[in-house]
Amino acid sequence: MPDDRERLIRDLFAAYLANDRPRVADALADDFRFTSPFDDDLDKTTYFERCWGDSGWIARHDIERIFVRGEEAFVTYLCLATDGRSFRNTEFFAFAGGKVRRIEVYFGAARQDGRFLPRPR
């Protein structure tokens, strides 16, 4: 069963990179919730309204690690943008009924050309 959850996470990242909104929507439970430093407990509809956009700025995601325990998982990944920026995030996933029920995103530092890019406060 942990392999199914890891596969679901990898498929979700691939669908996001392919800008395949129907595939992403299908992976998310009807009662899906999303939280990040910019978004607090968004429902599925609001997530797509506020957070979904063209993923063409992403060159690739390098998934560094996935830890699955029961109905929960953590994934850490390096995102490389087409303009040379990169950042590393960690996301917490909760599952229910074979779908992603919750994602909480923890942002890492942004970098470009090997240098740290501070975020505005």
Side-chain angles (χ1 to χ4, degrees):
M1 188 129 3
D3 290 341
D4 293 340
R5 290 181 182 72
E6 180 176 342
R7 189 173 314 111
L8 180 57
I9 290 169
R10 290 183 184 281
D11 288 349
L12 190 60
F13 272 80
Y16 185 80
L17 191 59
N19 210 27
D20 188 343
R21 182 177 170 158
R23 200 163 110 205
V24 171
D26 186 55
L28 305 179
D30 291 339
D31 61 347
F32 172 77
R33 306 305 283 191
F34 178 83
T35 298
S36 80
F38 299 131
D39 307 287
D40 187 31
D41 203 37
L42 303 181
D43 63 17
K44 189 174 180 176
T45 300
T46 307
Y47 165 75
F48 280 111
E49 289 170 0
R50 289 185 54 184
C51 302
W52 184 266
D54 180 14
S55 59
W57 64 274
I58 300 173
R60 73 179 196 261
H61 291 117
D62 291 342
I63 295 177
E64 297 176 347
R65 65 188 64 85
I66 298 175
F67 294 102
V68 178
R69 188 175 77 187
E71 294 290 313
E72 300 175 333
F74 280 97
V75 59
T76 299
Y77 60 93
L78 178 67
C79 181
L80 301 166
T82 56
D83 67 1
R85 289 179 302 133
S86 66
F87 57 89
R88 178 176 283 109
N89 287 349
T90 294
E91 298 186 7
F92 169 76
F93 283 71
F95 304 93
K99 303 247 183 191
V100 177
R101 186 169 189 206
R102 179 169 200 77
I103 297 175
E104 297 174 10
V105 179
Y106 300 92
F107 293 163
R111 303 186 70 78
Q112 186 167 8
D113 300 322
R115 299 186 61 148
F116 173 75
L117 296 174
R119 290 188 184 198
R121 293 192 189 270

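Below, all heavy atoms of this structure are taken into account, side chains as well, without hydrogens, waters or symmetry copies. Being a predicted model, the structure only gives us computed values, none of them experimental.
Rounded to the nearest 0.5 Å, atoms CZ (Arg69) and CZ (Phe74) are 9.0 Å apart. Between the OH atom in Tyr77 and the CZ atom in Phe13 there is a gap of 5.0 Å [rounded to 0.5 Å].
With sequence neighbours excluded, the residues forming a side-chain hydrogen bond (donor to acceptor under 3.5 Å, both in side chains) with Glu64 are Arg88, listed by chain and number. Annotation: side-chain hydrogen bond (donor to acceptor under 3.5 Å, both in side chains) contacts of Arg85 (sequence neighbours excluded): Asp83. Scored by the salt bridge (charged side-chain N to carboxylate O under 4.0 Å, His left out) test, Arg33 finds Asp41 as partners (sequence neighbours excluded).
Tyr47 is not listed as a side-chain neighbour of Ile103, based on a closest heavy-atom distance of 4.5 Å or more. Residues Lys99 and Leu8 form no side-chain contact, since every pair of their non-hydrogen atoms from C-beta on lies 4.5 Å or further apart. Within the 4.5 Å cutoff, the side chain of Phe67 has no heavy atoms near those of the Thr76 side chain. Between Ile58 and Tyr16 the shortest side-chain heavy-atom distance falls below 4.5 Å. A 4.5 Å side-chain heavy-atom check between Ile9 and Phe95 finds at least one atom pair inside the cut-off.
Between the Arg23 side chain and the Asp11 main chain, a donor and an acceptor come within less than 3.5 Å of each other.
The hydrophobic cluster containing Leu28 also contains Val105, counting ILVMFWY residues as joined when their side-chain heavy atoms lie under 4.5 angstrom apart, directly or transitively. Note on Val75: it does not cluster hydrophobically with Tyr106, by side-chain heavy-atom contacts below 4.5 Å among ILVMFWY residues.
Crowding of Arg60 atom CZ: a count of heavy atoms from other residues, nucleotides or ligands under 6.0 Å not exceeding 12.
In summary, Glu71 and Arg5 engage in a salt bridge, as defined by a charged side-chain N under 4.0 Å from a carboxylate O.
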TODO: Would you please test Lys44 and Asp31 for salt bridge (Lys or Arg N to Asp or Glu O under 4.0 Å) and show each step?
DONE: CA-CA 7 Å; Lys44 189 174 180 176; Asp31 61 347; over 6 Å; no

- [ ] Apply side chain to side chain contact (heavy atoms under 4.5 Å, CB included) to Arg50 and Phe34, showing your working.
- [x] CA-CA 11 Å; Arg50 289 185 54 184; Phe34 178 83; over 6 Å; no

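In this structure, Ser86 and Leu78 approach most closely via the heavy-atom pair CB-CD1, 4.1 Å. Closest approach of Leu42 to Cys51, counting heavy atoms only: CD1-SG, 3.8 Å. In terms of heavy-atom proximity, Val100 sits nearest to Phe93 at CG1-CD2, 3.8 Å. Shortest non-hydrogen contact noted between Ala15 and Val24 is CB-CG2, 3.7 Å.
Relative ring orientation between Trp52 and Phe48 is described as tilted, the plane-to-plane angle lying within the 30° to 60° band.
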